[in-house]
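Notes for the one structure printed next.
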Amino acid sequence: MTVRVRFAPSPTGYLHIGAARTALFNWLYARKEGGKFLLRVEDTDLQRSTDESTRSILEGLAWLGISDYDEEIVFQSQSADKHREAAARLVREGKAYRDFTPKGERADSNVKQEIAERARAQSEGSGTDHRANPYRDLPPEESERRAAAGEPYAVRLKVSPEGRTSFADAVYGEQTRDHSEIEDLVLLRSGDLSPLYNLSVVVDDIEMGITHVIRGQDHLTNTHKQILIYEALGARVPVFAHLPLILAPNKAKLSKRKHGEVVSLTTYRDRGFIPAAFRNYLALLGWSPGEENKELMSLEELKSLFSLEGVHRSNAVFNFSDSDPRQWTDQKALWMNAEYVRTMPLEELLPMARGELESAGLWRPEYGAERADWLGRTVELIRQRFITLKDFTGQGRAYFSDEFELDPAAVAKNLKKDAALGELLPALAERVEAVEPWNVETAEHALRAFAEERGVKAGLLINASRTALTGQAVGPSMFDVFEVVGRERSAARLRSAAQFV
RNA sequence: GGCGCGUUGGUGUAGUUGGUUAACACGCCGCCCUCUCAAGGCGGAGAUCACGAGUUCGAGCCUCGUACGCGCUACCA
């Protein structure tokens, strides 16, 4: 039997990293097993679902490299009739029943509290009897009659009072639950008979032939209910694999509302992350290849090493700080991105650098033509100390534009350090202009000779030059910078920097 | 409240028939390199493997209990 998995996001906002990780694991599993990866948009919540969310989720997945769905995308809202039919069938077969209890109002805000309070109240009394519904054993004819008369009803699954349901989770192992703990869950809402989540997923998963359900651990304890639906429907129960949750630094569940942008996948794209790097990082949240504990993995390695056995059971903390901009997201994610930036094949990085330059208005046609070699050399040089793609237009701006700001701290450190620089810099500029040919060696020779003549340390001029030419206090080896920036531009920048001394 | 799941340095993880000083990565500190900062190399701090019992010659690995965390419990998804 070929493996068929699906990723089933609900389009009620952007794709957050937890969901992205779920998608990634599903996809890796499918690719590893030579199976099919499907996508189903769970847009049954009409109020909250938007097309824009769907687009943004698809976009996020594509950014991660996941756009090769093996079949057409399924939109759950279009299958509502099927879900209703399934419920109707269960009623006919006596496996579900109509509940004519008037629909109670529920305050959406404090549901959890309400549940706890209700439970407490019940346990003080006779205990919880999930089978106490007066309509559970209504004769079929009467049920039909009342329904035909237009009396509103909900449809509930008739869970057998005896016994227990269990399944072997591929990650968490054997999971057993007694039926006394499972209520007769509602399948269809009263009134409009719209299907509820548990019914919809099961019917859709059956319809799509899903063999392995890989999803967040927050679904773990609902799985028994869903298995009951599978069984009532006479369908084969898939393999379930639940994934540990990704938590915020305070160990709370990662939420869009509380944690905002850091948890949105598109943030990483927008802030200059490399898809392969972030994918690599994400894969390590809750999974490891074991053995050597290898971390840097290419897509091919990820595909071949991934296994459900390597998924572990405890929740992972996604570490970030909203007070420290240097740790705006997980440090390891940042490190990994930097690692990719400086070690990935240059020809793969170049298009990304180009994209950054273009969006900052710094791209020039000659970079793609006669200056292509220069661009390659420059990118190779500066990428060594970059962390994200944004650095190409941030701290790397001076390599591509004459309009750049001098970092005040760098000015203080390297230019205001010695008043003599006010005179030295223009003189150095003059010397620079006379160098022929212009390359790393000749630039170095010229500067060192000049320093010796003037009786100053070369370091003074080197550091001053760095700030003059790049606006920064830090950067690549200065003579490489001289070469890449060019003789005339170097001279001009040395002259204009004198005013800051 | 009930039920479930989890707990290895600050974080991500390895540790798969129980067997000497608990491994790797990020982060942190120091040294080397050096024109700066990274990278790289070397070294270091940091874990009584949540806690308490038990089984055993021997437990991070097995059993039980406790604590803490998280999740589910809804005519939300």
Side-chain angles (χ1 to χ4, degrees), chain A residues 8-10 12 42-45 48-49 76 99 101 103-104 106 108 111-112 114-124 127-128 154-156 169 172-173 175-178 181-183 185-194 196-198 200-201 216-225 242 244-245 247 249 251-253 281 284-296 309 312-319 327 330-336 338-339 342-343 384-387 410 413-414 444 447 457-463 465-467 472-479:
Chain A
S10 61
T12 54
E42 306 209 322
D43 55 350
T44 51
D45 187 334
R48 293 196 297 153
S49 298
Q76 190 165 63
D99 179 0
T101 309
K103 189 178 178 180
R106 190 173 289 283
D108 219 45
V111 193
K112 310 259 175 195
E114 203 177 302
I115 291 165
E117 275 162 24
R118 193 186 56 177
R120 214 162 322 180
Q122 276 177 355
S123 63
E124 276 168 21
T128 316
V155 173
R156 305 186 94 112
D169 190 273
Y172 288 91
Q175 302 290 317
T176 304
R177 213 161 164 209
D178 202 280
E181 284 152 21
I182 305 174
E183 64 178 344
L185 63 152
V186 175
L187 267 18
L188 258 31
R189 283 189 187 84
S190 68
D192 65 356
L193 295 179
S194 55
L196 260 353
Y197 175 72
N198 285 122
S200 298
V201 233
Q217 193 237 51
D218 47 347
H219 294 277
L220 186 64
T221 48
N222 274 328
T223 304
H224 298 91
K225 294 178 183 172
H242 288 88
L245 265 24
L247 270 22
K251 302 211 191 297
K253 194 177 172 182
Y281 170 77
L284 259 16
L285 243 32
W287 173 79
S288 106
E291 291 181 86
E292 293 165 48
N293 211 2
K294 190 174 165 62
E295 296 197 312
L296 259 4
E309 289 71 43
H312 62 139
R313 291 176 274 277
S314 59
N315 295 339
V317 172
F318 184 66
N319 222 352
Q327 293 179 41
D330 194 286
Q331 291 265 298
K332 193 153 184 167
L334 251 12
W335 164 78
M336 192 167 280
E339 181 71 25
R342 69 174 173 266
T343 62
Q384 299 305 327
R385 48 222 87 205
F386 285 178
I387 292 174
K413 182 171 177 243
N414 292 333
E444 174 158 15
L447 184 141
K457 292 176 85 173
L460 177 72
L461 296 173
I462 289 171
N463 289 323
S465 298
R466 174 155 23 243
T467 300
Q472 305 285 309
V474 303
S477 170
M478 201 48 213
F479 302 110

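Labels below follow one simple rule: chain letters A, B, ... track the order of the sequence lines, proteins then strands, and each chain is numbered from 1.
As rounded to the nearest Å, B/U16 and B/U55 have P atoms that lie 24 Å from one another. To the nearest whole angstrom, the two C1' atoms, one in B/U56 and one in B/C32, are 50 Å apart. With both ends at atom P, the span from B/C51 to B/G10 equals 12 Å, rounded to whole Å. Rounded to the nearest Å, the gap between the C1' atom of B/A23 and that of B/U36 is 36 Å. B/C37 and B/G30 have their P atoms separated by 12 Å, given to the nearest Å. B/C61 and B/G54: their C1' atoms are spaced 16 Å apart (whole Å).
Distance from the side chain of A/Val186 is smallest for B/C75 among the nucleotides B/C72, B/C75, B/G12. With B/U36, B/G12, B/C5 as the candidates, the nucleotide lying closest to the side chain of A/Tyr172 is B/C5. Taking the side chain of A/Lys332 as heavy atoms from C-beta on, and the options B/C75, B/A25, B/A14, the nearest nucleotide is B/A25. With distances taken from any side-chain atom of A/Thr44 to the nucleotides B/G12, B/A77, B/U11, the minimum falls on B/A77. Here the nucleotide nearest the side chain of A/Val317, chosen from B/C76, B/G12, B/C75, is B/G12. Here the nucleotide nearest the side chain of A/Lys253, chosen from B/G12, B/C72, B/U36, is B/C72. For A/Asn319, the listed nucleotide lying nearest its side chain is B/U11; candidates were B/C26, B/U11, B/U73. Ranking B/A77, B/G27, B/G12 by closeness to the A/Trp335 side chain, first place goes to B/G27. When the nucleotides B/C75, B/G4, B/G6 are ranked by their closest atom to the side chain of A/Arg189, B/C75 comes out on top.
Of the candidates A/Gln175, A/His242, A/Arg313, A/His242 is the only one forming a side chain to side chain donor-acceptor pair (under 3.5 Å) with A/Asp169.
Using a 3.5 Å distance cut-off with no hydrogens or angles, the side chains of A/Asn414 and A/Thr467 do pair a donor with an acceptor. Between the side chains of A/Thr176 and A/His224, not a single donor N or O lies within less than 3.5 Å of an accepting N or O.
At the heavy-atom level, A/Gly286 lies under 4.0 Å from the strands shown only through sugar-phosphate atoms. Across all strands shown, A/Arg466 has heavy atoms under 4.0 Å from base atoms, whether or not it also approaches the sugar-phosphate.
Side-chain atoms of A/Phe479 and A/Leu447, non-hydrogen and from C-beta on, do get closer than 4.5 Å to each other.
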